[in-house]
Number of protein chains: 2
Amino acid sequence: MRRPTIADIARAAGVSKGAVSYALNGRPGVSEATRGRILAIAEELGWAPSSAARALSDGRAGAVGLVVARPADVLGIEPFFMRLISGIQSELAGGPTALTFQMAGDLAAETATYRRWAAERRVDGVLLVDLRVRDPRVDLLTGLALPAVVIGGPDGVGALPCVWSDDAAAVREVVHYLVALGHRRLTRVAGPPEFAHTAARSAAFAEVARELGLERAETVHADYSVEDGARVTRRLLAAVPRPTALLYDNDLMAVAGLGVAQEMGVAVPAELSVVGWDDSALCRLVRPALTTVSRDVVRHGAEAARMLLAAVAGGPVPSRRAPAAALRPRGSTGPLERP
Amino acid sequence: MRRPTIADIARAAGVSKGAVSYALNGRPGVSEATRGRILAIAEELGWAPSSAARALSDGRAGAVGLVVARPADVLGIEPFFMRLISGIQSELAGGPTALTFQMAGDLAAETATYRRWAAERRVDGVLLVDLRVRDPRVDLLTGLALPAVVIGGPDGVGALPCVWSDDAAAVREVVHYLVALGHRRLTRVAGPPEFAHTAARSAAFAEVARELGLERAETVHADYSVEDGARVTRRLLAAVPRPTALLYDNDLMAVAGLGVAQEMGVAVPAELSVVGWDDSALCRLVRPALTTVSRDVVRHGAEAARMLLAAVAGGPVPSRRAPAAALRPRGSTGPLERP
DNA sequence: CCGACCGAGTGAACCGGTTCAGTGAGCCGG
DNA sequence: CCGGCTCACTGAACCGGTTCACTCGGTCGG
């Protein structure tokens, strides 16, 4: 019971392979009667095109790739990626394109993966996440002529199209909100400085702090993990005077910070306001619920996938700006009660 | 600047395509001198085999597939899958096999994906997760002759190899531990009853409760999500008399339950003990830290991937039992203080 | 009535590997 | 000195599609 090929269909229909190919792909060259007959036979035989044969023949892999280089324990619990993938899949589902997913230990492993994929023609294009400052991957992919869409930007993406949201505006919104609540000493617990979005947010944070004449507004870095978020928070809350508001770069560290505040007897939000970033389900998992910056990650993913398919098809693809991230206030922020 | 093919190498080396193929694949048929020359030229040209051509020629896709059918919002935050994937990748990394990942909305979409993958020969085998009671996918995959390894079991997997851990033993361990702490009214907040592991755990729970003569030991079902976990917990804690210990089927619902207890003024662990399942990073994210059942999910994934590669290669693959899941006591369980 | 044209369909090449039957040279033993 | 064997390598078929140049028969305009 070999899988049927177009040759089987051709034999059954009494026509040539070429005619079958035309019929199945909806191109001219066969009469409607013949096309119908061929389609019926293909259906009856349960035929589906061999992805390998098609890939070899038309030079297209029928897959796009996503590599994520973050430590496994961060990936496991960081909801961002699964939501992103969910968005990507919603665009790919049903279509002829599959998603090849790879986790890499570090940047070197990630670039090696791109090289291999390009050399093996395993994917038609890739989605680039966690854009870095002067990201070497941008030049690499450009050099490999591998179509790519960057999730992030818009700076430093070179000629690659990107889908980005205005992080700076969101940072400004959060800071204005906290200042309105009476806060004057803010600290940002940011992700690693090498990420482009970290740099963008840090710059915006410094700028708005200057504009508003804040007493203190520093940025410290952590690696997005629960452990590092807790460690940094412990240090920050031990300082005298301590900050009255903490802005985290992801929900995970913010939730860890919430736990540390509780452990150190710092009341949230009476003495300390905490803000996360991403609006994942984690925010509603904890008490008080976490105030956070909300962006539609799923839609981000869908948008990026759509753009990548267009880029693979060869069209010019303009970068797109996603709807701005917005503050979602919950119980973890409030007016300062005991300054 | 076309990518080099073996024909290019053959021309440069002054030999035939066949000789190049033998040389590159380390098979006999070429002298060591010639092999060295061909290898050097291939290296210099930056040659890598076209995955499509190889797939077409040897009938192997060079990829394995994983489909996950859970609601997107559960997937986003449920750490289990990312850890599993991380384990799978650790086995695949560097090798010639890629991972094709798909999220499906429901079981029907999932089976449709298997059919399509099989028809298109897009993957050489698949990993099956979330085994169900009388799982239709087992027969489907067997019928499609698509190699598969089940993560779960060992019951109901038919002829498919599986990697499983002894959930029943873990349930018994947890219940004995809680009883030793003085608990007599336990409730299990389980996953959907259609999952095989849910059924196995429920059966073990009922059995050990009978053996120990517990006052109460019921199982209720939820869908693994934060919301459902919270909803069910609210209902359970409102009952009179309420259970003194809750056993959840994943950490996510357990953490949600912890939040509800706090919201309802039920002290943990003084009045209520809470146990999760999986030992994800979530457990150490909350206060009190969550007692949970720990199993090495990453290793599970690696094991399954290794078995799948063996199955694809055609060898007979015996099912494997992973090290038993073990109780990891933390702050959320303790002796009953105010019964 | 003849040439141009058009639609339907054919046959073969091609994509880039793998594999198999065959070939010629060199070596060995008898 | 010759038959047979091994080794190194060649040429072609093959995997399952797509595509292109070409043929054949019918129709239409002049």
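Order of the sequence lines sets the chain letters (A, B, ...), proteins ahead of strands, with each chain counted from 1.
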Closest heavy-atom pair and its distance - B:P96, A:R122: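 Looking at all heavy atoms of both residues, the shortest contact is O-NH2, 3.0 Å.
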Minimum heavy-atom distance between A:G59 and A:D124, given as atom pair plus value: O-OD1, 4.4 Å
Nucleic acid footprint by protein, nucleotides 10-19 of chain D - heavy-atom cut-off 4.0 Å, B for base, S for sugar-phosphate alone: B----BBBBB
Can you list everything that forms a salt bridge (charged side-chain N to carboxylate O under 4.0 Å, His left out) with [X]? Sequence neighbours excluded, please.
X	result
A:R37	none
B:E32	B:R35
B:R299	none

Rounded interatomic separation in angstrom, taking CZ from B:R60 and C1' from C:dT19: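 Taking CZ of B:R60 and C1' of C:dT19, I get 15 Å after rounding.
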Near-strand residues of residues 36-44 of chain A, defined as heavy-atom separation under 4.0 angstrom from DNA chain C: none
Pair A:R137 + A:D135, salt bridge at N-O below 4.0 Å: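 So A:R137 pairs with A:D135 through a salt bridge.
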Whether B:H197 and B:F195 hold their rings parallel, tilted or perpendicular, with breakpoints at 30° and 60°: parallel
Residues forming a side chain to side chain donor-acceptor pair (under 3.5 Å) with B:S319, sequence neighbours excluded: none
